[in-house]
Colleague: 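After the structure tokens below, expect a handful of questions from me.
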Amino acid sequence: MFKYESRYLYPVKVDRPNPNYAMLLQEQLGGPQGELKAAMQYFAQSFRIQDKEIRDLFLDIATEELCHLEMIAQLINLLNGDQPKANEATIGSVEAHVLTGLTPMLANASGYLWTAAYVNETGDLAADILSDIASEQRAKVVYQNLYRQIDDNGVRETIDFLLNREEAHNTMFRQAFNKIQNSGSQKDWGVTKDSRIYFDLSDLDGQNFDPNDVPPSFNLDKF
């Protein structure tokens, strides 16, 4: 069950309209590393999770991602301004001015529609958590790229909040991964000879990584 509250997790504001940058933000609305993808992925993965604490974590983060989706949509609204002005938009952002009446589309920065193909779910908790850790890391990178390309203080403050929340989610998923050692695809990790062999197939001198020394878990003390 969901209950909508008419408030944002963090203030959403812009210094001035910027329709072209609004199109860049579409990447985090409907792109493969965006908020809709994250929310749907964590919801879908949670349906099969038996561990109540981890299932609650997935559902809490998924719900927060929907909050982020709303924040990004509002940023896009503010950046697009009050009235469609196709003559001020680039080819990439003109669709919002001639098709959707500035309503943010569930599409990426290139205009490609969101697809459930972005969602990864395997039914194996370890594989899904690792996928989620990678998703949060990639989302942070996208937000960092967006942050560097705008000098609007209002937009920057909101993006800074969102990329730091990606870090928080990443850390919590790593903690969850540490809890599930020796279960699912993590069971009997590294017990066979083949799982501990390094094939040195490059022409560089020496072996720099040893499979015997790399634990399968993410020890947070090392980060």
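Hydrogens, waters and symmetry mates are skipped; everything else that's a heavy atom, side chains included, is used.
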Colleague: Can you list every pair that meets salt bridge (Lys or Arg N to Asp or Glu O under 4.0 Å) and has a residue in residues 4-21, with sequence neighbours left out?
Modeller: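 Of all non-adjacent pairs touching residues 4-21, those that pass salt bridge (Lys or Arg N to Asp or Glu O under 4.0 Å) are Glu5-Arg7, Lys13-Glu157, Arg16-Asp151.
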
Colleague: Tell me who clusters with Tyr112, hydrophobic residues only, linked when side chains sit under 4.5 Å apart either directly or through other members.
Modeller: none

Colleague: So which atom in Ile180 and which in Gln186 form the shortest heavy-atom distance, rounded to 0.1 Å?
Modeller: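 It is O-CB, 4.0 Å.
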
Colleague: Is there a path of hydrophobic side-chain contacts, each under 4.5 Å between heavy atoms of I/L/V/M/F/W/Y residues, joining Val141 to Leu24?
Modeller: no

Colleague: Is Leu106 reachable from Leu25 through a run of hydrophobic residues whose side-chain heavy atoms are each under 4.5 Å from the next?
Modeller: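 In one cluster with Leu25: Leu106, yes.
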
Colleague: Could you pull out all residues at least two apart from Glu64 that satisfy salt bridge (Lys or Arg N to Asp or Glu O under 4.0 Å)?
Modeller: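 Glu64 satisfies salt bridge (Lys or Arg N to Asp or Glu O under 4.0 Å) with Arg165 once adjacent residues are dropped.
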
Colleague: Which atoms form the tightest heavy-atom contact between Ala62 and Tyr42, and what is the distance?
Modeller: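 Ala62 and Tyr42 have their closest heavy atoms at CB-CB, 3.7 Å.
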
Colleague: Under the salt bridge (Lys or Arg N to Asp or Glu O under 4.0 Å) rule, collect the residues that match up with Lys52, sequence neighbours excluded.
Modeller: Asp56

Colleague: Does one hydrophobic cluster hold both Tyr21 and Leu102, with members joined at side-chain heavy-atom distances below 4.5 Å?
Modeller: no

Colleague: Could you list the residues that satisfy ring pair (Phe, Tyr, Trp, His ring centres under 6.0 Å) with Tyr143, not counting sequence neighbours?
Modeller: none

Colleague: Can you hop from Met23 to Leu79 via hydrophobic side chains spaced under 4.5 Å?
Modeller: no

Colleague: Can Gln28 and His68 be counted as having a side-chain donor-acceptor contact under 3.5 angstrom?
Modeller: no

Colleague: Give me the one residue out of Gln144, Glu136, Arg138 that meets side chain to side chain contact (heavy atoms under 4.5 Å, CB included) with Lys140.
Modeller: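 Among Gln144, Glu136, Arg138, the one that satisfies the side chain to side chain contact (heavy atoms under 4.5 Å, CB included) with Lys140 is Gln144.
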
Colleague: Among all residues two or more places apart in sequence or in another chain, which pass the salt bridge (Lys or Arg N to Asp or Glu O under 4.0 Å) test with Lys187?
Modeller: none

Colleague: Does the side chain to side chain contact (heavy atoms under 4.5 Å, CB included) test come out yes or no for Phe173 and Ser135, once each step is laid out?
Modeller: CA-CA 11 Å; Phe173 280 131; Ser135 292; over 6 Å; no

Colleague: For Asn178 and Arg174, does a side-chain donor sit closer than 3.5 Å to a side-chain acceptor?
Modeller: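 No, no side-chain donor-acceptor pair sits under 3.5 Å.
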
Colleague: On a heavy-atom basis, which atom in Ile54 and which in Asp51 lie closest, and how many Å separate them?
Modeller: N-OD1, 3.0 Å

Colleague: Going by ring pair (Phe, Tyr, Trp, His ring centres under 6.0 Å), name the pairs with one or both residues in residues 147-167, residues two or more places apart or in two chains.
Modeller: Tyr10-Phe161

Colleague: Mark yes or no for whether Asp188, through its side chain, and Val191, through its backbone, hold a donor-acceptor pair below 3.5 Å.
Modeller: no

Colleague: Do side-chain atoms of Arg55 reach the backbone of Phe47 as a donor and acceptor pair under 3.5 angstrom?
Modeller: no

Colleague: Which distance, rounded to the nearest 0.5 Å, do you find between the CG of Asn18 and the CG of Asn80?
Modeller: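 So the gap between those two atoms works out to 9.5 Å.
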
Colleague: Using a 3.5 Å distance criterion without hydrogens, assess whether the side chain of Gln181 forms a donor-acceptor pair with backbone atoms of Phe177.
Modeller: yes

Colleague: When Ile, Leu, Val, Met, Phe, Trp and Tyr are grouped by side-chain heavy atoms lying under 4.5 Å apart, directly or through other members, which residues fall in the same group as Phe199?
Modeller: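 Direct or chained contacts put Phe199 with Ile197, Leu201.
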
Colleague: Rounded to the nearest 0.5 Å, what separates atom OG1 in Thr158 from atom CZ in Arg156?
Modeller: 12.5 Å

Colleague: Kindly compute the distance separating CD (Gln175) from CE (Met172), expressed to the nearest 0.5 Å.
Modeller: 8.0 Å

Colleague: For residues 177-186, pull every pair meeting salt bridge (Lys or Arg N to Asp or Glu O under 4.0 Å), keeping only residues two or more places apart or in separate chains.
Modeller: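 Salt bridge (Lys or Arg N to Asp or Glu O under 4.0 Å) check on residues 177-186 returns Glu53-Lys179.
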
Colleague: Taking Glu65 for its side chain and Glu35 for its backbone only, find out whether a donor-acceptor pair lies under 3.5 Å.
Modeller: no

Colleague: Suppose we screen for side chain to side chain contact (heavy atoms under 4.5 Å, CB included). Which residues come up paired with Thr63, at least two apart in sequence or across chains?
Modeller: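 With neighbours one apart ignored, the set is Phe2, Phe43.
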
Colleague: Of all the heavy-atom pairs spanning Gln50 and Arg48, show the shortest one and how long it is.
Modeller: NE2-O, 3.1 Å

Colleague: Should Leu163 and Leu36 be counted in the same cluster of Ile, Leu, Val, Met, Phe, Trp and Tyr side chains packed under 4.5 Å apart?
Modeller: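 Yes; Leu36 is reachable from Leu163 via cluster members.
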
Colleague: With a 3.5 Å distance limit and no angle check, can you tell me whether Asn164 reaches the backbone of Asp160 through a side-chain donor-acceptor pair?
Modeller: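 At least one qualifying donor-acceptor pair exists.
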
Colleague: Might you point out which heavy atoms bring Leu29 and Pro104 nearest each other, and give the distance in Å?
Modeller: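 Distance-wise, the nearest heavy atoms are CD2-CB, 3.7 Å.
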
Colleague: Heavy atoms, side chains only, cut-off 4.5 Å: are Met40 and Trp114 in contact?
Modeller: yes

Colleague: For residues 123-133, which side-chain N or O atoms pair as donor and acceptor with protein atoms under 3.5 Å away, sequence neighbours left out?
Modeller:
| residue | atom | partner | partner atom | Å |
| --- | --- | --- | --- | --- |
| Asp124 | OD1 | Ser185 | N | 2.8 |
| Asp124 | OD1 | Ser185 | OG | 3.4 |
| Asp124 | OD2 | Ala126 | N | 3.3 |
| Asp124 | OD2 | Ala127 | N | 2.9 |
| Asp124 | OD2 | Ser185 | OG | 2.6 |
| Asp128 | OD1 | Thr122 | N | 2.9 |
| Asp128 | OD1 | Thr122 | OG1 | 3.0 |
| Asp132 | OD1 | Gln41 | NE2 | 2.7 |
| Asp132 | OD1 | Gln45 | NE2 | 3.2 |

Colleague: Using distance only, find each side-chain donor-acceptor pair of residues 69-77 under 3.5 Å and give its atom names and separation, not counting sequence neighbours.
Modeller:
| residue | atom | partner | partner atom | Å |
| --- | --- | --- | --- | --- |
| Glu70 | OE2 | Tyr4 | OH | 2.5 |
| Asn77 | ND2 | Ala73 | O | 3.4 |

Colleague: Check Leu66 against Ala39 and note the closest heavy-atom contact, atom names and distance.
Modeller: CD2-CB, 3.7 Å

